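The structure appears below as structure tokens.
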Amino acid sequence: MSNYLNSGSTLKSWLLTEDHKRIAILYIISITALFAFGGFAALLFRLELLTPNPLFMSSETYNRLFSLHGIIMVWFFLIPSVPNVIGNFVLPLMLGAKDLAFPKINLASWYIFNLGGIVTLAAVVLGGIDTGWTFYTPFSTAYSNSFVLLAVIGIVISGFSSIFTALNFIVTTHKMRAPGLTWFRLPLFVWSLYSTSLILVLATPVLAGVLILIGVERFFHVGIFDPSLGGDPLLFQHLFWFYSHPAVYIMILPSMGVVSELIAAFSRKRIFGYKFVAFASLAIAIYGFFVWGHHMFTSGQSPYASVVFSLFSMIVAIPSAIKVFNWTATLYKGSIKLDAPMIYALGFIGLFLIGGLTGVFVATLGFDVHVHDTYFVVAHFHYIMVGGAVHGYLGGIHYWWPKMSGRLYPEKWAKFSAVVLFIGFNITFFPQFIAGYAGMPRRYHTYPEEFQWLHVMSTIGSALLSIGYVFPLLYLAWSYKKGPKAGANPWQAKGLEWEKASSPPLTENFVETPIVTQEAYAYGQEARSS
Amino acid sequence: MSQPTSMETVSDPGSSASMPEKSLLGMWIFIGTEIMMFGAFFLVYAVYRFLHNKAFEEASTHLNMLYGSINTAVLLTSSLTMAFAVHKAKQQRTRAAVMFLALTALIGLGFLGLKSYEYYEHWHKGYYPSSDAPEWLKHTAPFRLFFDIYYTTTAIHFFHVLSGICVMISFIIYRPLAKTKQWARKIEATGLYWHFVDIVWIFLFPLLYLIGRSK
């Protein structure tokens, strides 16, 4: 049967494709390769941290490894993961459209992303950078003798890839919905992609601006952030975090959208409080722009500003909490099926809860003074990024895998991997809360002996965690060729991508443009039109 | 259940009626991203002007107001010719539109030419970031900071003008034998971009060239 996978098998038909589904596959290859780099860096420094004193690397190398890990994971894995892989594949299907608004720009976005990745990896191969992913000045501009300029160029380039994708998503959502598909009939995944895209188009350019200034400063020895030349290092931090805080919402919002889809499908129930969840996505996107100063509580900014940022940071937790409550309420009296995607979704809810609550802790000024720049913060954001975002990504990959590949993955292996991931993750990162609270600073190569047992636990956990990553890679690849064929709707789920498109879909997605007459998640007798 | 209660008219994805709106919406969003990026630079300018007011005033007098004024007039004129190009394109008068596009590109090149000459004059005087000319180094750090910001913002603006010209030239070369409506949409989107680039200059010119000139 003809579908997007077998219509054209030349390399050229893939590399010059304008089909959003093929572009999603191209992206999955790129980001998986980059994830391997970033993850391998983490394994190396986790091994190094087994002993309080240097084990097999210098401090210089250690600094470059954690910088590499942060840069790759943030810009080259987390930010593109759900939007550019799952979003690219699923958004037009969910909207009943043939493709995105600008297919050529979609392809360009992938090439630009790869170019950014290559330039950044070049910086790594040449020796890396040691500034951390945050590039604080004046160290990054005046004192670091590492490949800052090259890394910064790579990141700016990849930023354009994000902007183009987000632009595409916004225009597609506004202009290409199928007849009858009103805004409040959209799946919540679309709302979260839309909100993410808003952040992407507004915040990423500020990052481009500030990184360009870093590049200019480094190359031309100007004094924009250098105090000895009249500049202000704190200005860098304000500009950097003005982007980088919304960036963390870029990383979590799409995964939250995936969770909404998974919870609905595997409870066979509409999401409780649909409009609240939809508006919560928008609220997180907008509100996320007002809290950046919480990264700078100890940097010397005005204490009055800190108070305001602290308050706003607590307020921004509210829409996230609303989502957690609504997902939980959806589960209540639902017809729960604990398939692998659901295990990932439930894992998300529990781990995001811990990550989010500890976020409120660090938003508390007095507490943050104690734990700033310690492992407590590292644990907090990994609970959100790995416990949250990555669980959402993997859950989504498993859920839509039958649609993307036309095959079923082996369910037992998937369940096993999901559980291993969950356990490995907690063993890796829970000890870090304790270590951080006890005073273990982040980004330190060596540490006092009393912290060793916590580091050893964390490293053992990271070994388990990597199994949780490697296994899906293996069995998903296996299933692509050898898995049983999936039908159009193996999950019996609601949604245009399941009910109106084949698995895998045709190149043009639908035989004829679908007409929508129901709300999203119209399961069982609860279905009513909005 | 029969009428969609939507926030806007639901458009049929296949129809060409939604197409112009797509390109223009896309360009407006792109312009939004550019505003955010230039906004970062304007913020840096604002912070340092606030902190080093005197030095900025003094440094501004070292910029050539005549060249800046001429360039402002040049760019504004190019916006006029661009507006004509868009108008003709929408009327499907492709040849006239192409003529105005070419004129716009030419005038834009004139802007770039004068700006380049201005940069050359600065360089000749030794007024650039890593210069070791004594006339440069005798100035205070905030004075030189003004010039750093001047160079960065005008260079990035330069790049945007150049990109706009390249896009215009590509649309002149690839003008359609048919499908003039689609081409007209592209020209309209280009027009939006060009007007935006013009507006950025309208902000840059007084902020850089005209500080304290009223004294």
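Per chain, numbering begins at 1; letters A, B, ... match sequence-line order. Below, each value reflects all heavy atoms present in this structure, side chains not excepted, and no hydrogens, waters or symmetry copies. Everything quoted here is computed from the prediction, not taken from an experiment.
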- prompt: Can you tell me how far the CD1 atom of B:Ile29 sits from the CZ atom of A:Phe169, to the nearest 0.5 Å?
  reply: 12.5 Å

- prompt: Taking all non-hydrogen atoms of both residues, which atom of A:Val206 and which atom of B:Ala40 are closest, and how far apart?
  reply: CG1-CB, 4.2 Å

- prompt: Is any side-chain heavy atom of A:Leu213 less than 4.5 Å from a side-chain heavy atom of B:Thr152?
  reply: yes

query: Are any non-hydrogen side-chain atoms of B:Met36 and A:Tyr243 less than 4.5 angstrom apart?
result: no

- request: Any chance you could lay out the side-chain contact (heavy atoms from CB on, under 4.5 Å) test for B:Lys22 and A:Met176, step after step, and finish with the verdict?
  value: CA-CA 9 Å; B:Lys22 274 201 286 190; A:Met176 293 177 73; 3.8 Å; yes

field: Sidechain-backbone polar pair: B:Tyr48 side chain, A:Asp232 backbone, donor-acceptor under 3.5 Å
entry: yes

- line: Applying a strict 4.5 Å limit to non-hydrogen atoms, the region of A:Leu202 in contact with chain B is both

message: If you count every heavy atom of other residues, nucleotides or ligands that lies below 6.0 Å from B:Phe143 atom CZ, does the total exceed 12?
response: yes

task: Report the distance from atom NE2 of A:His238 to atom CG of B:Leu43, rounding to the nearest 0.5 Å.
output: 9.0 Å

- prompt: What closest approach, in Å, do A:Ala208 and B:Met37 show between heavy atoms, and which atom pair accounts for it?
  reply: CB-SD, 4.2 Å

query: Rounded to the nearest 0.5 Å, how far does CD1 of A:Ile105 lie from CZ of B:Phe30?
result: 9.0 Å

message: So for B:Ile35, is it side chain, backbone, both, or neither that comes closer than 4.5 Å to the heavy atoms of chain A?
response: neither

message: Please give me the minimum heavy-atom distance between B:Val47 and A:Leu235, naming the atom from each residue.
response: CG2-CD1, 3.9 Å

message: With rounding to the nearest 0.5 angstrom, report the OG1 to CG distance, B:Thr33 to A:Leu200.
response: 11.0 Å

Largest heavy-atom contact set with chain B, pairs under 4.5 Å, which of A:Val216, A:Asp226, A:Asn168, A:Leu239: A:Leu239

query: For A:Val171, is it the side chain, the backbone, both or neither that has a heavy atom under 4.5 Å from a heavy atom of chain B?
result: both

task: For side-chain contact (heavy atoms from CB on, under 4.5 Å), just list the numbers for A:Ile212 and B:Ile156, CA-CA rounded to whole Å, side-chain angles, deciding distance to a tenth of an Å, and then say yes or no.
output: CA-CA 10 Å; A:Ile212 287 174; B:Ile156 292 177; 3.8 Å; yes

query: Do other residues, nucleotides or ligands put more than 12 heavy atoms under 6.0 Å from B:Lys115 NZ?
result: yes

task: Any chance you could measure A:Ile224, atom CD1, to B:Phe41, atom CZ, to the nearest 0.5 Å?
output: 8.5 Å

task: Taking heavy atoms only and a threshold strictly under 4.5 Å, list by residue number the residues of residues 126-141 of chain B that touch chain A; give 'none' if the list is empty.
output: B:Pro129, B:Ser130, B:Ala141

query: Measuring heavy-atom distances to chain A, does B:Phe38 have an atom under 4.5 Å in its side chain, in its backbone, in both, or in neither?
result: neither

message: Counting only non-hydrogen atoms closer than 4.5 Å, does B:Val44 touch chain A with its backbone (N, CA, C, O), its side chain (CB onward), both, or neither?
response: both

